[in-house]
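The structure under discussion appears below in the form of structure tokens.
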There are 2 protein chains.
Amino acid sequence: MSLKHALLGFINYGPMTGYELKKFFDTSVAHFWNAELSQIYPALKQLEGDSLVEMKVEVQEDRPNRKVYSITEPGRRELIAWLAKPAEREQVREPILIKVFFGSSLSKQDLISVLQNCADETRTAVTYLEHAHQFVDKFVEAIGLQQEALFWQLTIDCGLKVHRAELEWSEDAIQKVKAADDSIFENEQHGYDGVNDVRSAMEALDRVKSLMPGALAGADKYLPSAQGKPDQQARVPTRTRAAAR
Amino acid sequence: MSLKHALLGFINYGPMTGYELKKFFDTSVAHFWNAELSQIYPALKQLEGDSLVEMKVEVQEDRPNRKVYSITEPGRRELIAWLAKPAEREQVREPILIKVFFGSSLSKQDLISVLQNCADETRTAVTYLEHAHQFVDKFVEAIGLQQEALFWQLTIDCGLKVHRAELEWSEDAIQKVKAADDSIFENEQHGYDGVNDVRSAMEALDRVKSLMPGALAGADKYLPSAQGKPDQQARVPTRTRAAAR
DNA sequence: AGACTCATGTAATTCGTTACATGATTCC
DNA sequence: GGAATCATGTAACGAATTACATGAGTCT
């Protein structure tokens, strides 16, 4: 679980409270990780239960008491062990791509609007990250932690490259959609009973798979969902489903 | 919720069962959406409850009965309305970037290994998507659905661009880490009580924010977590915390 | 007066994964 | 004989979001 380790990482900078952790999240790793206070507080309790952090109550008169968490030796060891392990890949989920995938059901104009909106939002993200770069420069100078700059900037570099690629794609996609023949849009969906069609599509799928042996072999490595499953052999079914028609 | 609409999208191609839907997911949108059968079956029930799809049991002797779902008119309307709406942005979560962000706690070699692993996995993903491109070409030809090719290929284009950008970044990052001074690694963390340090860092944060008015103004638009919240004014606190030391 | 800061949480709900359960048939 | 295909699910768990709750103090 990444959240707990991210918390450990921040607490390793110095003892702090849940409230402060939230602030650090929002101003430093917000572009690749978010955490709500309602998630941070229970997570801290669990870390404490596992003896990875220690808590001290700091009594305040004018304000609510603070619970200051500091890292323990086992906590530091756990953090470093986790950091050195290969990173898990999260399953990608892109609603925009679902919309594009089923784009033939939309009018050309509606699809372009959806893509335009995506491009605009991505552009905002890129602008944000460009500022973030300068922000980090000034911040590390202000607190004298120049040795952290490389690592922090690298995370921004990643976001910038990826978002610029996405922006490029969406602008490109708009051009391709504009250039496309009108006939492929607002696809009238056929009302037939479909059993034959879906089954024959499935057979075609199997046939193409067998024509491209190993073509999709990367899937089980690439997709987190298929990890560990053996490389299954694609083949044409012997009992042809056409007999059922 | 995207899953239900993705299911609607597939069922709109023609009536099919949950089991078949899973196959379509795995061979066509797996690179940007995954769904387990245990999630698909209840989702179909809900869609049926909302009258967006209809179910017919197809009795089979040699195999378990099939529940074939077909889309209804309200279902088609709901699908098209959803497709035309601007796409939600999912919160990005990148464990690899957490590791890089706290990279100063690792040895140079350990950080390079983590990045190397990331690069290798990303390369596999790129190769997979390159094959997927050809796969779609052959498949649309086999079933005579050339009019869908553009939309399907666009989703692969997006994955390719984004993953190539990520690959470029990770190779770049490896070079930068290799070139970095050894002294910035295996950062010995200070055991002091930290209250002053974290608080002064927080003050520095506020100061830099006020030096760059509007620099991080994009955050609330860019980050899904902060959407809708008003553009808050960054300012230097008047009651200086230094008094508390 | 109203909003925001500081500071803590709990509860409900959604979304998704993993594990468990069944059972005939068919492939190697 | 063992694995996989076909075909349906349920149950438990984990991660994350949203809503709710409290309450003094400070800023505009």
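Quick note on labels: first sequence line is chain A, next is B, and so on, each numbered from 1.
- Going from atom CD of E61(B) over to atom C1' of dT26(C) covers 17 Å, rounded to whole Å.
- The shortest distance between the side-chain N/O atoms of K23(A) and the OP1/OP2 oxygens of dT5(C) is not below 4.0 Å.
- Taking 4.0 angstrom as the limit, R63(A) places none of its side-chain polar atoms (N or O) nearer than this to OP1 or OP2 of dG25(D).
- Proximity of a side-chain donor or acceptor of W169(B) to a complementary backbone N or O of L154(A) within less than 3.5 Å is detected.
- Across the protein-nucleic acid pair, E90(B) atom CD and dT17(D) atom C1' stand 12 Å apart, rounded to whole Å.
- Between R66(A) atom CZ and dG25(D) atom P the separation is 17 Å, expressed in whole Å.
- For the pair M16(B) CE and dT8(D) C1', the interatomic distance rounds to 18 Å; values are reported in whole Å.
- Looking at D26(B) and K23(B), no side-chain N of the basic residue comes within less than 4.0 Å of a carboxylate O on the acidic one, giving no salt bridge.
- The distance from atom OH of Y19(A) to atom C1' of dT22(D) is 14 Å, rounded to the nearest whole Å.
- Atom CD in E36(A) sits roughly 15 Å away from atom C1' in dA11(C) (whole-Å rounding).
- The side-chain heavy atoms of I11(A) and L79(A), taken from C-beta on, include no pair separated by under 4.5 Å.
- Between the axis at the start and the axis at the end of the helix from dA1(C)-dT28(D) to dC28(C)-dG1(D) there is an angle of 40°, using five pairs per end and rounding to 10 degrees.
- Salt-bridge annotation for K4(B) and E78(B): absent, with no side-chain N of the basic residue lying under 4.0 Å from a carboxylate O of the acidic one.
- The phosphate of dA7(D) has OP1 or OP2 within less than 4.0 Å of a side-chain N or O from Q60(B).
- Not one N or O on the side chain of K138(B) forms a donor-acceptor pair closer than 3.5 Å with the backbone of R207(A).
- For K56(A) and dA7(C), the NZ to P distance is 18 Å, given to the nearest whole Å.
- With hydrogens and angles ignored, the 3.5 Å screen pairs no side-chain donor or acceptor of K67(A) with any backbone N or O of T17(A).
- Ranking dG25(D), dA7(C), dT25(C) by closeness to the D62(B) side chain, first place goes to dT25(C).
- In this structure, L44(B) atom CG and dA7(D) atom P are separated by 14 Å, rounded to whole Å.
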Mind listing the N/O atom pairs, protein and nucleotides 9-15 of chain D, below 3.5 Å?
| from | atom 1 | to | atom 2 | distance (Å) |
| --- | --- | --- | --- | --- |
| dG9(D) | OP1 | K67(B) | NZ | 2.5 |

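- R66(A) places no side-chain N or O within donor-acceptor distance of the main-chain N or O of M16(A), the cut-off being under 3.5 Å.
- Looking at K22(A), its side chain does come within 3.5 Å of a backbone N or O of A35(A) through a donor-acceptor pair.
- At least one side-chain nitrogen or oxygen of N34(A) sits closer than 4.0 Å to the OP1 or OP2 atom of dT17(D).
- The backbone N or O of P95(A) sits nowhere less than 3.5 Å from a side-chain atom of S2(B) that would complete a donor-acceptor pair.
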